[in-house]
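In what follows, a structure is listed as structure tokens, so that the remarks can point back to it.
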Amino acid sequence: QVQLVESGGGSVQAGGSLRLSCTASGYSLSYRCVGWIRQVPGKGREGVALIDRYGLTSYVESLKGRFTISQDDAKNTLYLQMNNLQPEDTATYYCAAARSVGDCDIPTLLATAFAFWGQGTRVTVSS
């Protein structure tokens, strides 16, 4: 059974930083398509960043320079370092992992048919 468990969310003031973690069980994050998506209150889910099975990272353009995705294969854990957080970053952040080897892109990670999701961790940024 695949489980993705996020942690590290919380409340910060604008300009602050947080590091989210996602620990996987029943699933190896190595050489797979994995990433982070988020859901802003009242809106649909949107992509944040991903790492493909070759270790290449990709970010939503608007978040480049502030967010960094990484993974620790030994700990089977995915991270998202978020710096200079802004109120518009307030959202629930989900770890996502592709169900199979194939296309690695944000639409794949957003589709429940193609990806596993964690339960989410809440991030609140106040101005």
Side-chain angles (χ1 to χ4, degrees):
Q1 182 180 358
V2 176
Q3 278 194 313
L4 304 173
V5 180
E6 301 96 335
S7 61
S11 297
V12 296
Q13 290 191 326
S17 298
L18 284 173
R19 188 176 81 155
L20 306 183
S21 300
C22 169
T23 300
S25 59
Y27 183 99
S28 173
L29 296 176
S30 301
Y31 305 108
R32 303 297 291 269
C33 177
V34 294
W36 292 91
I37 58 177
R38 69 183 184 183
Q39 184 160 21
V40 177
K43 297 185 179 180
R45 296 188 181 190
E46 60 185 28
V48 175
L50 61 82
I51 298 178
D52 71 13
R53 60 195 179 108
Y54 304 107
L56 298 176
T57 59
S58 178
Y59 298 88
V60 170
E61 189 67 29
S62 61
L63 300 177
K64 282 183 180 179
R66 294 195 298 123
F67 288 17
T68 303
I69 188 171
S70 63
Q71 66 184 79
D72 184 329
D73 291 341
K75 295 181 179 180
N76 207 29
T77 299
L78 184 70
Y79 301 100
L80 183 69
Q81 177 68 43
M82 305 185 295
N83 297 327
N84 192 23
L85 283 161
Q86 300 300 313
E88 55 266 33
D89 296 317
T90 294
T92 299
Y93 286 74
Y94 299 87
C95 174
R99 292 178 181 268
S100 62
V101 176
D103 291 339
C104 186
D105 50 31
I106 291 298
T108 295
L109 294 180
L110 285 172
T112 55
F114 301 122
F116 300 105
W117 293 342
Q119 83 291 346
T121 186
R122 178 77 176 170
V123 172
T124 302
V125 185
S126 57
S127 57

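Just so it is clear, the values below take in all heavy atoms, side chains as well, and ignore hydrogens, waters and symmetry mates.
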task = Verify side-chain contact (heavy atoms from CB on, under 4.5 Å) between Arg38 and Glu46, making sure each step is shown before the conclusion.
result = CA-CA 5 Å; Arg38 69 183 184 183; Glu46 60 185 28; 2.6 Å; yes

message = If you apply the rule side-chain contact (heavy atoms from CB on, under 4.5 Å), what do you find for Asp73 with Gln71, and how did you get there?
response = CA-CA 6 Å; Asp73 291 341; Gln71 66 184 79; 2.8 Å; yes

task = Evaluate the criterion side-chain contact (heavy atoms from CB on, under 4.5 Å) for residue pair Leu18 and Tyr93; output intermediate values, then yes/no.
result = CA-CA 12 Å; Leu18 284 173; Tyr93 286 74; over 6 Å; no

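With values rounded to the nearest 0.5 angstrom, Leu50 atom CG is found 4.5 Å from Cys104 atom SG. Separating the OG atom in Ser70 from the CG atom in Leu78 is a distance of 7.0 Å, to the nearest 0.5 Å. Here CD of Gln3 is found 11.0 Å from SG of Cys22. Values are rounded to the nearest 0.5 Å.
Ser21 places no side-chain N or O within 3.5 Å of a backbone atom of Tyr79 that could act as its donor or acceptor partner. Checked by atom type and distance alone, the side chain of Tyr59 pairs as donor or acceptor with a backbone atom of Ile69 at under 3.5 Å. A donor-acceptor pair is defined here as one N or O able to donate and one able to accept, closer than 3.5 Å; no such pair exists between the side chain of Arg45 and the backbone of Tyr94. Side-chain atoms of Glu6 do not come within 3.5 Å of backbone N or O of Thr121 as any donor-acceptor pair. At least one donor-acceptor pair under 3.5 Å links the side chain of Asn76 to the backbone N or O of Leu29.
With a 4.5 Å cut-off on side-chain heavy atoms, Arg53 and Cys33 do not count as touching. You'll find the side chain of Thr68 stays beyond 4.5 Å of the side chain of Leu80, heavy atoms only. The side-chain heavy atoms of Thr124 and Arg122, taken from C-beta on, include a pair separated by under 4.5 Å. For the pair Met82/Leu20, a side-chain contact is recorded, criterion being any heavy-atom separation below 4.5 Å from C-beta on.
Closest heavy-atom contact between Arg99 and Arg32: O-NH2, 3.3 Å. The nearest pair of heavy atoms linking Leu109 to Trp117 is O-NE1, 2.8 Å. The two residues Ile106 and Val48 have their closest heavy-atom pair at CD1-N, 4.2 Å. Among all heavy-atom pairs drawn from Gln86 and Ala14, the shortest one is OE1-CB, 4.3 Å. Scanning both residues, Gln119 and Val5, for their nearest heavy atoms gives OE1-CA, 3.8 Å. Here the closest heavy-atom approach between residue Thr90 and residue Val125 is recorded as OG1-N, 2.9 Å.
Under the 4.5 Å side-chain heavy-atom criterion for Ile, Leu, Val, Met, Phe, Trp and Tyr, Leu110 and Val34 are members of distinct hydrophobic clusters. If you chain together hydrophobic residues whose side chains sit under 4.5 Å apart, Ile37 and Phe67 never meet in one group.
Summarising the local packing, CZ of Phe114 is surrounded by 12 or fewer heavy atoms from other residues, nucleotides or ligands at distances under 6.0 Å.
One finds a salt bridge joining Asp89 and Arg66 here, because a Lys/Arg side-chain nitrogen approaches an Asp/Glu carboxylate oxygen to under 4.0 Å.
Side-chain contact, Asp103 with Thr108: no donor N or O sits under 3.5 Å from an acceptor N or O. In this model, no donor atom of one side chain and acceptor atom of the other lie less than 3.5 Å apart for Thr77 and Asp72.
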